[in-house]
Enquirer: 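Okay, here's the structure, questions in a sec.
The chains referred to below are lettered A, B, ... by the order of the sequence lines, with proteins before strands, and numbering in each begins at 1. In what follows, every heavy atom counts, from backbone to side chain, and hydrogens, waters and symmetry copies are set aside.
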Amino acid sequence: SCASSVTATAAAVTVDASKTMPFFNQETLQQRLQTLIDGARETWTYAIFWQSSDLDFSSPSVLGWGDGYYKGEEDKNKRKLSVSSPAYIAEQEHRKKVLRELNSLISGTQTGTDDAVDEEVTDTEWFFLISMTQSFVNGNGLPGQAMCSSSPIWVAGVEKLAASHCERARQAQGFGLQTMVCIPSANGVVELGSTELIIQSSDLMNKVRVLFNFNNDLGP
Amino acid sequence: SGDLPLARRNSLLRFLERRKERLTMVSPHSL
């Protein structure tokens with residue numbers, strides 16, 4: 001189980017922290033996520049880094065929001081609901097209200113009218129925002145499972161996402177995503193999602209291994 | 001925004017700013 005692998009990690013860490021516990025750099029995290037997505041051949045909608053908080057090795061391992069990069073999707077017309085339906089209108093009103101509140105929370109001012117907030121909030125934007133509130137304890141969910149098993153998980157196809165044991169994967173499918181990938185790294189898990197169907201590629205795994213080995217300086 | 005964890009706050013700020021830029025490029029007249 002995840003607990004036993006955490007204990008093993010703890011033992012490794014205490015032997016020689018400088019060698020085994022890689023240096024984690026929050027500043028360059030956004031740059032690494034952006035490089036990963038913008039440099040990819042495939043069309044990814046977003047990338048998220050779920051950061052492991054193994055503070056006290058006896059406590060359960062928790063993956064929480066580290067950072068994320070939302071690139072968006074090319075085909076905006078893939079909506080669940082028709083734009084004239086009452087459900088769509090009500091849902092959009094709700095999303096815009098939340099975005100206005102978030103805007104005020106961040107800017108610290110009561111923003112009267114901000115046209116950007118009044119534009120349509122797409123399903124994948126909404127899913128990205130919801131992701132900021134999520135965390136995974138002790139191997140739960142696809143990110144937690146990838147972290148615990150130390151092996152990548154690649155789910156491609158709406159049927160597979162919809163049938164997944166992971167609630168986050170099912171939710172992603174509901175918001176129009178077709179592919180979800182979780183790749184473990186030393187300090188957490190890199191997750192990528194796309195509205196396109198993307199078949200597994202070792203090239204992407206290798207890029208994650210290089211980009212998210214925080215002992216590597218990013219260089220020019 | 002003091003009660004919003006720093007990582008989420010930074011990501012949210014960046015998301016909102018980029019969204020504004022993206023929408024400005026798409027339809028400059030509407031903004």
Side-chain angles (χ1 to χ4, degrees), chain A residues 24 26-27 29-31 33-34 37-38 46-51 53 62-74 76 95-96 98-109 111 113-122 124-135 187-188, chain B:
Chain A
F24 174 72
Q26 185 80 30
E27 269 73 45
L29 189 47
Q30 175 67 195
Q31 194 184 348
L33 290 167
Q34 210 167 328
I37 283 229
D38 291 347
Y46 70 83
I48 292 170
F49 186 81
W50 299 106
Q51 191 171 333
S53 59
V62 178
L63 285 172
W65 181 271
D67 202 352
Y69 170 63
Y70 177 82
K71 182 171 185 185
E73 69 254 42
E74 271 147 38
K76 290 242 180 317
R95 292 180 184 180
K96 290 173 188 174
V98 168
L99 225 61
R100 262 192 296 274
E101 286 163 8
L102 290 173
N103 240 321
S104 305
L105 181 70
I106 287 290
S107 63
T109 59
T111 48
T113 56
D114 176 344
D115 295 332
V117 170
D118 288 330
E119 292 284 328
E120 177 193 14
V121 184
T122 66
T124 55
E125 283 178 320
W126 191 246
F127 178 71
F128 185 78
L129 282 169
I130 292 173
S131 304
M132 292 186 195
T133 65
Q134 296 180 347
S135 57
N187 311 84
Chain B
S1 59
D3 52 4
L4 195 62
L6 189 59
R8 286 180 185 154
R9 186 190 180 285
N10 291 341
S11 299
L12 189 53
L13 181 62
R14 226 180 272 122
F15 172 81
L16 293 170
E17 283 171 352
R18 280 203 184 117
R19 184 169 191 272
K20 202 168 207 176
E21 285 161 20
R22 213 170 41 245
L23 293 171
T24 307
M25 282 190 292
V26 167
S27 52
H29 315 297
S30 76
L31 294 186

Enquirer: Drop me the distance from L6(B)'s CG to W65(A)'s CH2, to the nearest 0.5 angstrom.
Expert: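 Reported to 0.5 Å precision, the distance equals 13.5 Å.
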Enquirer: Verify side-chain contact (heavy atoms from CB on, under 4.5 Å) between L99(A) and R19(B), making sure each step is shown before the conclusion.
Expert: CA-CA 11 Å; L99(A) 225 61; R19(B) 184 169 191 272; 3.4 Å; yes
Enquirer: In terms of side-chain geometry, is the basic nitrogen of E125(A) or R22(B) positioned less than 4.0 Å from the acidic oxygen of its partner?
Expert: yes
Enquirer: Show your reasoning for whether side-chain contact (heavy atoms from CB on, under 4.5 Å) applies to T133(A) and R8(B).
Expert: CA-CA 8 Å; T133(A) 65; R8(B) 286 180 185 154; 5.6 Å; no
Enquirer: Knowing that exactly one of L33(A), I48(A), D67(A), L29(A) qualifies, which makes a side-chain contact (heavy atoms from CB on, under 4.5 Å) with S11(B)?
Expert: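 Checked L33(A), I48(A), D67(A), L29(A) against S11(B); only one passes side-chain contact (heavy atoms from CB on, under 4.5 Å): D67(A).
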Enquirer: Any side-chain heavy-atom pair from N103(A) and L16(B) closer than 4.5 angstrom?
Expert: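 They are in contact (side-chain heavy atoms under 4.5 Å apart), so the answer is yes.
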Enquirer: So do the side chains of Y70(A) and R14(B) get within less than 4.5 Å of each other, counting heavy atoms only?
Expert: no
Enquirer: How long is the gap from CD1 on I106(A) to CG on L12(B), to the nearest 0.5 Å?
Expert: 4.0 Å
